[in-house]
Protein chains: 2
Amino acid sequence: MKKEITIYDIAADVGLSPTTVSRALSNHPRVKEVTRNKILHAAKNMGYQSNIFASSLRKRRSKSIGVIVPRLNSAFQSSVLAGMEKIATQAGYNLIISQSMESLEKEISNTKIMFNSRVDGLLVSKAGTTDNIEHFQPFFQKDIPVLFFDRVPENNHCTGVVINNTQAIYDATAHLIKEGCKRIVHVLGNLQINVYADRLKGYKYALMDHGFVFNADNVFTNELDEDSGERIVEKILKLNPRPDGLLVSNDTSAASCLIALKKRGIKVPEDLAIVGFNNDLISRMVEPNISTINYPSYHMGEVAMKNLINHLDDENQEILQKTNTITLRSALIIRDSSKRRH
Amino acid sequence: MKKEITIYDIAADVGLSPTTVSRALSNHPRVKEVTRNKILHAAKNMGYQSNIFASSLRKRRSKSIGVIVPRLNSAFQSSVLAGMEKIATQAGYNLIISQSMESLEKEISNTKIMFNSRVDGLLVSKAGTTDNIEHFQPFFQKDIPVLFFDRVPENNHCTGVVINNTQAIYDATAHLIKEGCKRIVHVLGNLQINVYADRLKGYKYALMDHGFVFNADNVFTNELDEDSGERIVEKILKLNPRPDGLLVSNDTSAASCLIALKKRGIKVPEDLAIVGFNNDLISRMVEPNISTINYPSYHMGEVAMKNLINHLDDENQEILQKTNTITLRSALIIRDSSKRRH
DNA sequence: TAGAAGTATGCAACCGATTTCAATACATTT
DNA sequence: AAATGTATTGAAATCGGTTGCATACTTCTA
């Protein structure tokens, strides 16, 4: 392997000490302008490349941030990541990304790797089965900031960036009621996840506030994947009286339901009104367009990263410690799949 | 900050030298079984955490791999990344990910960052405007393997993982012809990108082989985003005679076209048959389902990462150097949007 | 039993940038 | 001209793990 150019080589070249070279390269003010230029020039000429390992070893920080998501190949998550990457790069941080595959075990293992990689901060959206946060203890102990997004732990020691899931589904439910729905089915994912637990609350509250009685039979816990529609619709058809409103916690599943319904000749929204969640591309592409909750995913990535980095750079640790939750604005988007009045 | 536990602390604790501790921790064979166990035990007890900076500095490798994609928030890319992450994690490599936003400038800057981060290898899908690969020179010079995927440079010094884009569109075109289409429009992205240039070839060859004359008016270069349908359909309607086949280089755009066509009362596939590309979720969800090319994105991520890591681990550098291109199987999936015969 | 061969451990020199403390050079003030 | 202050620079220790070479200790062979 070719020899690397180090600050010592530069120092020898320009006849100064490594100390001065180091200072010049990091724009330390206590180096004469002329000297600095001479050094920068030599560095460029010699093809100098700073060694981040040496630097990180000495400075005890890596200038990198870890991100753990349940799955990389999800429209929502990749949009969040895009927002994070933008901010991180701007601020000179690297992004180390891994996925937990919705498994607590993998999440623990990923957390360890991130810790060993000495990330300066960690951003996490929990796996479905994660019910404790023991495995983040090493981070807490070393005061390495951990910030959760979307799926946050119940524990309120942790800072999280979220939307108001309860409110969002409250609004969606109220909307369906206003459209004349009498029996609304709510389909959601694993209730261990705050996101879904909160939404269920919103559904209940809205029913209550509008004089409806909550009925557990109308709540389905389900995978929300591409094929879920068939299973969900089968269940719906077994209910008597037949539901006339459907609230699905993700647009992919909502679209899948829509297709399954149409296949059976059930009209949307006339026979059954649908509202999805996320405002994914798919909600705008199927027919009828699916009403949904706009989830500002890209923005969530930006906000989460910005907060974490602010915390790191300004050394005003307290801000994040005192902040408990950052709630982003989400909004109901009404489209044809739920318009039953004229 | 609390003091870190180092191998020196462990050494002092068990009454051995740091050398032996280091060897024991990295499973070096020249340490007695008993000694090793004693050391591992102490390490665990004392809460030892290896310092990768010190290790990387000395060993001159980072155990991390860089990935540069045009955009993170794309169904295709995020699926590729998911495949890469799986393999990388299994092999003990970290993933440092960044996006070029389709800009050469950002790609260059990202490349520099990756180089400075001393990734052990680099995986790249080129930005649209990238027409040279000068900026990877530092990697080539230092013999750090760079592997391209999907969007690869023309230059055939580089190893790439791709599908046979020419064949894919050839098949799609031939299919449309077989379905009775006489005038087929092909919509694709920036022709600087090999992916689209190759597809255009496939389109031309297929026309030729079936006795059609290629007509440049039938080729549109376009953004292939969610809103592209309106613009594309407007252009189509200006053509005379009216086209009866549409080959769109991405499913999002194909779906967008489908919607724009339906809005105008043009029947798919009767008046106009459509074939998309990628086999994204959306192609299966719209009505009619869109015929498309199955692009094995997850698999591409796995294969690319596996090859890169093999190369790194086995030290048999030659394999990758001698491999020019790895082509994955893609296949035409025929759905309702292009079935015109009974 | 001497000598060879092998096994287990340690010494000390790295890897390359940063930073504390101190020294020197230079400018300004009285 | 002396004193004080300020701007530049440098020596050396440090971050923590790895590794070539040396040494001590076993075991085996002739």
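Every chain is numbered from 1, with letters handed out A, B, ... down the list of sequences.
- Residue contacts shown for Leu25(A) are absent, as no nucleic acid heavy atom lies under 4.0 Å away.
- With hydrogens and angles ignored, a donor-acceptor pair under 3.5 angstrom links the side chain of Arg23(B) to the base of dG20(D).
- Atom OG1 of Thr129(A) sits about 12.5 Å away from atom NZ of Lys106(A), to the nearest 0.5 Å.
- Salt bridge Lys126(A)/Glu154(A): absent, no basic N to carboxylate O contact under 4.0 Å.
- Counting distance only, with no hydrogens placed and no angle test, the side-chain atoms of Thr19(B) and the base atoms of dC11(C) include a donor-acceptor pair under 3.5 Å.
- One can place CD1 of Ile7(A) at 14 Å from C1' of dT9(D), the figure rounded to the nearest angstrom.
- Listed pair Ser50(A) / dA17(C) fails the phosphate criterion, with no side-chain N or O lying under 4.0 Å from OP1 or OP2.
- Note: CZ (Phe53(B)) to C1' (dC15(D)) measures 11 Å, nearest angstrom.
- Looking at heavy-atom distances under 4.0 Å, Ser22(B) makes contact with a base.
- Between Pro18(A) and Gly15(B), the residue whose closest nucleotide on DNA chain C is further toward the 5' end is Gly15(B).
- Taking only distance into account, the side chain of Arg30(A) meets the base of dT9(D) through a donor-acceptor pair shorter than 3.5 Å.
- A straight line from CG of Leu57(A) to P of dA17(C) spans 12 Å, rounded to a whole angstrom.
- OP1 or OP2 of dT8(D) has not a single side-chain nitrogen or oxygen of Thr35(A) nearer than 4.0 Å.
- Minimum atom distance to the side chain of Lys59(B) is reached by dT18(D), of the listed dG10(C), dC15(D), dT18(D).
- Per the geometry, CD1 belonging to Ile10(A) stands 14 Å off P belonging to dG10(D), to the nearest Å.
- Scanning atom types as modelled, no donor and acceptor separated by under 3.5 angstrom connect the side chain of Arg58(B) and the base of dT19(D).
- Judged by distance alone, the side chain of Ser56(B) and the main-chain N or O of Phe53(B) form no donor-acceptor pair under 3.5 Å.
- Side-chain atoms of Thr111(B) come within 3.5 Å of backbone N or O of Glu107(B) as a donor-acceptor pair.
- Put simply, NZ on Lys32(A) is 18 Å from P on dT24(C), counting in whole angstrom units.
- Distance from the side chain of Val31(B) is smallest for dT9(C) among the nucleotides dT9(C), dG10(C), dG16(C).
- Rounded to a whole Å, the NZ atom of Lys38(B) is 8 Å from the P atom of dT9(C).
- One atom, CZ of Arg61(B), and another, C1' of dG17(D), lie 15 Å apart when rounded to the nearest Å.
- Side chain of Thr89(A) to backbone of Lys86(A): no donor-acceptor contact under 3.5 angstrom is found.
- Spacing between atom OH of Tyr8(A) and atom P of dA13(D) amounts to 12 Å, rounded to whole angstrom units.
- Within the 4.0 Å cut-off from OP1 or OP2 of dA11(D), not a single side-chain nitrogen or oxygen of Ser17(A) is found.
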